[in-house]
Amino acid sequence: MLNIFTAINSYISSMINHEDTSPVSLSLEAMMAIFTKLKKEELPRNSIVVKPNQICEHIYFIEKGAARIFYYKDEKDVTDGFRGEETLLLSIISFIRQKPDKRGIELLDDCILWKLSYQDLEELSATYPDIQYLYRMIMSSVLIMTQNRIDRMLFQTAEERYDDFVKSHPRAAELLTLGMIASFLGITQETLSRIRSKK
């Protein structure tokens, strides 16, 4: 379990990447409180963790495996995000608001997940200031990642977006179909095939 906290801390620190951000560290008491609330799940590939138009009631940490965030538009399946091992997984709008959102979460591999419910996280945050700080950093990391994705769509070429995606998600090519990758990058499969043929 301690390895899980180390991995989460490392992930958040890499996402925040601010020199003036204090390290995320938890007191032993706070860690023990989280231990009592964290639940481990082992789920097979293709499991739908959160269905579209349902409430995301948990935040997940992927110990093993990979997942994607997706939605349907004009009856087409669109991949909105990819998460690999030792990353956080949630539908952020639904989780924060505790209301249904169009995004769902699908597992792309057999996964080991650690989950914490919204209610438990709120209660722990109200009791332990260090957990409240961790909660803020988690939300900040996810929002920064979302803004970075928007910036790439606005300012990068399709080839630059593909190169960044492959670098950030080395296992994606073996887990995602070409259609999923193309929809995530905001390009057609034909454009993706042309980019890949140059590599």
Side-chain angles (χ1 to χ4, degrees), residues 1-43 49-50 54-71 79-109 111-152 164 168-169 184:
M1 185 75 76
L2 287 173
N3 290 336
I4 294 300
F5 280 101
T6 300
I8 292 174
N9 189 9
S10 176
Y11 170 73
I12 292 170
S13 297
S14 68
M15 287 302 305
I16 298 299
N17 196 27
H18 289 323
E19 293 181 358
D20 58 347
T21 301
S22 300
V24 178
S25 60
L26 296 176
S27 66
L28 179 61
E29 184 181 6
M31 289 178 66
M32 293 305 296
I34 293 179
F35 285 165
T36 65
K37 302 295 184 181
L38 268 180
K39 293 182 174 60
K40 183 178 181 180
E41 282 192 341
E42 298 187 34
L43 298 172
V49 177
V50 178
Q54 289 192 352
I55 298 173
C56 179
E57 298 178 345
H58 297 84
I59 185 169
Y60 300 86
F61 183 78
I62 305 174
E63 178 181 347
K64 177 181 178 295
R68 73 179 182 118
I69 301 166
F70 71 98
Y71 61 88
T79 297
D80 192 45
F82 177 84
R83 304 290 183 270
E85 292 182 358
E86 298 191 353
T87 59
L88 297 173
L89 175 66
L90 77 163
S91 176
I92 187 168
I93 295 174
S94 176
F95 185 79
I96 290 175
R97 300 175 64 192
Q98 283 300 284
K99 292 183 178 180
D101 181 63
K102 63 184 178 181
R103 294 167 182 82
I105 297 174
E106 178 187 19
L107 302 185
L108 299 170
D109 204 356
C111 286
I112 298 176
L113 305 174
W114 294 86
K115 69 178 185 180
L116 186 65
S117 73
Y118 175 86
Q119 181 177 348
D120 285 340
L121 186 52
E122 286 287 313
E123 291 176 356
L124 289 169
S125 296
T127 305
Y128 302 95
D130 43 352
I131 295 180
Q132 183 181 62
Y133 179 71
L134 174 65
Y135 188 7
R136 292 202 336 263
M137 291 301 98
I138 289 172
M139 292 301 104
S140 295
S141 72
V142 176
L143 289 171
I144 289 170
M145 184 164 50
T146 301
Q147 184 61 55
N148 287 340
R149 171 163 156 70
I150 293 171
D151 288 347
R152 284 192 292 270
D164 277 355
S168 300
H169 308 292
F184 176 75

Practice task
Heavy atoms only: give me the nearest Ala33-Leu124 pair and the separation to one decimal.
Solution key: CB-CD2, 3.7 Å
Handout entry: Gln147 atom CD, over 12 foreign heavy atoms within 6.0 Å
Key = yes
Problem - Residue Gln98 excluded, over 12 heavy atoms near CD under 6.0 Å - result: yes
Practice task
Measure from NZ or CZ of Arg149 to the centre of the six-membered ring of Phe184 and say whether it is under 6.0 Å with the direction within 45° of the ring axis.
Solution key: yes
Practice task
Using the test ring-ring contact (aromatic ring centres under 6.0 Å, His included), find all partners of Tyr135 that sit at least two apart in sequence or belong to another chain.
Solution key: none
Exercise for the section: For residues Lys40 and Glu42, determine if any side-chain heavy atom of one lies less than 4.5 Å from a side-chain heavy atom of the other. Expected result: yes
Problem - Arg103 side chain reached by Ile93 side chain, heavy atoms, under 4.5 Å - result: yes
Exercise for the section: Please assess Tyr118 against Ile55 for the test side chain to side chain contact (heavy atoms under 4.5 Å, CB included), listing each intermediate value before the final yes or no. Expected result: CA-CA 11 Å; Tyr118 175 86; Ile55 298 173; over 6 Å; no
Exercise for the section: Answer yes or no for Lys102 and Tyr71: cation-pi contact, defined as NZ/CZ to six-membered ring centre under 6.0 Å and angle to ring axis within 45°. Expected result: yes
Handout entry: Spacing of OG1 belonging to Thr146 relative to CD1 belonging to Ile92, to within rounding of 0.5 Å
Key = 5.5 Å
Exercise for the section: Over all heavy atoms of both residues, which pair between Leu90 and Ile69 is shortest? Give the atoms and the distance, please. Expected result: O-CD1, 3.5 Å
Problem - Non-hydrogen atoms of Ile59 and Phe95 that approach each other most closely - result: N-CE1, 3.6 Å
Handout entry: Minimum side-chain heavy-atom gap Leu107-Leu113 below 4.5 Å
Key = yes
Practice task
First locate atom CD1 of Ile34, then atom CG of Asp120, and finally report the distance between them rounded to the nearest 0.5 Å.
Solution key: 10.5 Å
Exercise for the section: Side-chain contact test, heavy atoms from C-beta onward, threshold under 4.5 Å: evaluate it for Met145 versus Arg83 and give yes or no. Expected result: yes
Fill in the blank from the handout: One should read off an interatomic distance between Lys115 NZ and Leu121 CG, to the nearest 0.5 angstrom, of 14.5 Å
Handout entry: Quiz item: cation-pi between Arg68 and Phe70, 6.0 Å / 45°
Key = yes
Handout entry: Heavy-atom check, side chain of Trp114 versus side chain of Lys39, under 4.5 Å
Key = no
Problem - Interatomic spacing from NZ in Lys64 to CD1 in Ile112 - rounded to 0.5 Å - result: 6.0 Å
Problem - Atom NZ of Lys99 with >12 non-hydrogen neighbours under 6.0 angstrom - result: no
Completion exercise
What one should report as the nearest heavy-atom pair of Ser27 and Asp130 is N-OD2, 2.8 Å
Handout entry: Residue pair Met139 / Ile96, side-chain heavy-atom distance below 4.5 Å
Key = yes
Problem - Shortest non-hydrogen contact between Ser91 and Cys56, atoms and distance - result: N-SG, 3.5 Å
Practice task
Taking the side chain as every heavy atom from C-beta outward, state whether Leu88 and Tyr60 have any atom pair closer than 4.5 Å.
Solution key: no
Problem - CE on Met31 to CD1 on Ile131, rounded to 0.5 Å - result: 10.0 Å
Fill in the blank from the handout: Scanning both residues in full, the closest heavy-atom pair of Cys111 with Gly65 reads SG-CA, 3.7 Å
Problem - Distance, nearest 0.5 Å, that separates CE of Met137 from CD of Gln132 - result: 10.5 Å
Handout entry: Leu116 and His58, any side-chain heavy atoms less than 4.5 Å apart
Key = no
Problem - Residues which pass salt bridge (Lys or Arg N to Asp or Glu O under 4.0 Å) with Glu57, listed by chain and number, not counting sequence neighbours - result: none
